[in-house]
Amino acid sequence: MRLDQAFFRRDALDVARDVVGALLLRGPVTLRITEVEAYRANGDTANHCRFGLTARNAAMFGPPGHAYIYLCYGMHWMLNLVTDEAGVGAAVLVRSAEVVEGHDIVLARRFASREAPTLSAMTRRQQDELLAGPGKVGQALDLGTAMNHHPLYRRGGLEIHASPAPLPPLAVGPRVGIDYADPEHRDAPWRVADANSPSVSARKTLSPPTRLKPLARGAG
DNA sequence: AACACGATGGACT
DNA sequence: GTCCATCGTGTTA
């Protein structure tokens, strides 16, 4: 079942907590999201929108439920899920995932221009780390500028579907690679991961499974 | 027109 | 742990 636009028309942190376990689909590839980060409105000094609207971050100021995709370090394409109302610059960065469908294509993309192993030839650790990191997720989904602004809640192209399983226990921690932010935002636990997934980046700075905060999820 | 800098990942000591 | 590839973007001139 596709997530609808209303799902994304909320604070980025709430969306982040609810989107772990959701599925990303593009063609033959299906991924399960295992780790995300919230880049929030109201003065988050790590947010790409902290200096206002620019050509790069325009998608973040657009309608919720669309993709914001940008190039990082000149070579890695990052997928974000736009949140909040249009006009508010906020989004959730997809940092890690597990392959559900399309292992062979994902392996070919991940090992393009390198020696491509088969899944069974990889160690457990290599399998766990296959899509542990935002650049790896972008590679697996063959992201580029073509998918920037793409609506994820409609059929076609890149889609996002609700988790088919009960939502997992979560671990939280500070966001990665934002040392430039003010300490208040640099240290905020706005990174959220499936506490039971082996496919998570920078595990050392994640908490144990947390029961804090009754999250916005039914009668949980 | 020139420049500094990444919401990273892979190779290597 | 260290090093660095690589390029669009935002800033400055």
Side-chain angles (χ1 to χ4, degrees), chain A residues 11-13 15-17 19-20 24 31 33-62 66-84 88-97 99 106-117 122-123 125-149 172-193 198-206:
Chain A
D11 183 275
L13 185 56
V15 174
R17 289 165 168 170
V19 85
V20 173
L24 291 166
L31 307 183
I33 296 172
T34 56
E35 180 193 354
V36 298
E37 286 174 353
Y39 288 85
R40 304 176 78 187
N42 300 316
D44 178 0
T45 54
N47 189 322
H48 280 178
C49 297
R50 64 193 178 282
F51 299 131
L53 175 68
T54 67
R56 177 176 69 157
N57 66 24
M60 288 183 70
F61 287 99
H66 289 230
Y68 163 51
I69 294 169
Y70 72 95
L71 182 63
C72 187
Y73 289 98
M75 59 195 97
H76 304 297
W77 293 99
M78 307 289 210
L79 173 63
N80 294 257
L81 319 172
V82 176
T83 67
D84 292 78
V88 176
V92 169
L93 170 69
V94 179
R95 283 196 59 87
S96 300
V99 182
V106 169
L107 282 171
R109 288 173 177 169
R110 284 285 290 116
F111 289 87
S113 75
R114 275 179 290 161
E115 183 183 351
M122 296 169 66
T123 66
R125 184 175 185 99
Q126 284 174 322
Q127 294 180 39
D128 291 347
E129 294 180 351
L130 183 65
L131 298 185
K136 299 173 180 178
V137 173
Q139 202 173 10
L141 293 171
D142 192 27
L143 295 185
T145 53
M147 282 295 138
N148 197 20
H149 295 274
V172 301
R175 295 170 293 178
V176 177
I178 55 153
D179 286 351
Y180 56 81
D182 289 349
E184 172 193 2
H185 302 127
R186 183 193 62 203
D187 302 333
W190 295 347
R191 182 158 71 109
V192 185
S199 183
V200 168
S201 67
R203 184 178 295 282
K204 287 188 261 303
T205 59
L206 282 174

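To find a chain, count down the sequence lines: A is the first, B the second, and so on, and within it residues start at 1. Keep in mind it's a predicted model, so treat the numbers as computed, not measured.
- Judged purely by atom type and a 3.5 angstrom limit, A:E37 uses its side chain to pair as donor or acceptor with the backbone of A:V176.
- When atom types are taken as modelled, the side chain of A:D142 and the backbone of A:R109 share no donor-acceptor pair closer than 3.5 angstrom.
- Residue side chain A:Y39 meets the stacking definition with respect to B:dA7: its ring centre sits within less than 5.5 angstrom of the base's six-membered ring centre, and the planes differ by less than 30 degrees.
- A:R191 has no side-chain polar atom (N or O) that falls below the 4.0 Å cut-off from OP1 or OP2 of B:dA7.
- Both A:Y73 and A:T145 sit near DNA chain C, but only A:Y73 has its closest nucleotide nearer the 5' end.
- A:N148 places no side-chain N or O within 3.5 Å of a backbone atom of A:T145 that could act as its donor or acceptor partner.
- Nearest nucleotide to the A:N47 side chain, out of C:dT11, B:dG9, B:dA7: B:dA7.
- In this structure, the CZ atom of A:R186 is 14 Å from the P atom of B:dG6, given to the nearest Å.
- The side chain of A:I178 has B:dA7 as its nearest neighbour among B:dA7, B:dT8, C:dG10.
- Looking at DNA chain B, the stems built from 3 or more consecutive Watson-Crick or G-U wobble pairs, each pair with its key distances under 3.5 Å, are B:1-6 with C:7-12, B:8-12 with C:1-5.
- A salt bridge between A:R203 and A:D128 is absent, with no side-chain N of the basic residue lying under 4.0 Å from a carboxylate O of the acidic one.
- Side-chain atoms of A:H48 and A:Y68, non-hydrogen and from C-beta on, do get closer than 4.5 Å to each other.
- Nearest to the side-chain atoms of A:N80 among the listed nucleotides B:dT8, C:dT11, B:dA7 stands B:dA7.
- Remark: C1' of B:dT8 and CG of A:L130 are 16 Å apart, rounded to the nearest angstrom.
- Side-chain nitrogen and oxygen atoms of A:H48 include at least one within less than 4.0 Å of the OP1 or OP2 phosphate oxygen of B:dA7.
- Rounded to a whole Å, the CZ atom of A:R110 is 8 Å from the P atom of B:dG9.
- Spacing between atom CG of A:D179 and atom P of B:dG6 amounts to 10 Å, rounded to whole angstrom units.
- Taking atom CE of A:M75 as the reference point, atom P of C:dC7 lies 8 Å away to the nearest angstrom.
- Rounded to whole Å, atom C1' of C:dA5 lies 12 Å from atom CG of A:L71.
- The main-chain N or O of A:R191 is never found under 3.5 Å from a side-chain atom of A:R175 such that the two would form a donor-acceptor pair.
- Taking atom CD1 on A:I69 and atom P on B:dT8, their separation rounds to 16 Å, with Å as the unit.
- Across the protein-nucleic acid pair, A:Y70 atom OH and C:dT6 atom P stand 19 Å apart, rounded to whole Å.
- Side-chain N/O atoms of A:R56 include none lying less than 4.0 angstrom from OP1 or OP2 on B:dG6.
- Judged by distance alone, the side chain of A:D182 and the main-chain N or O of A:E184 form no donor-acceptor pair under 3.5 Å.
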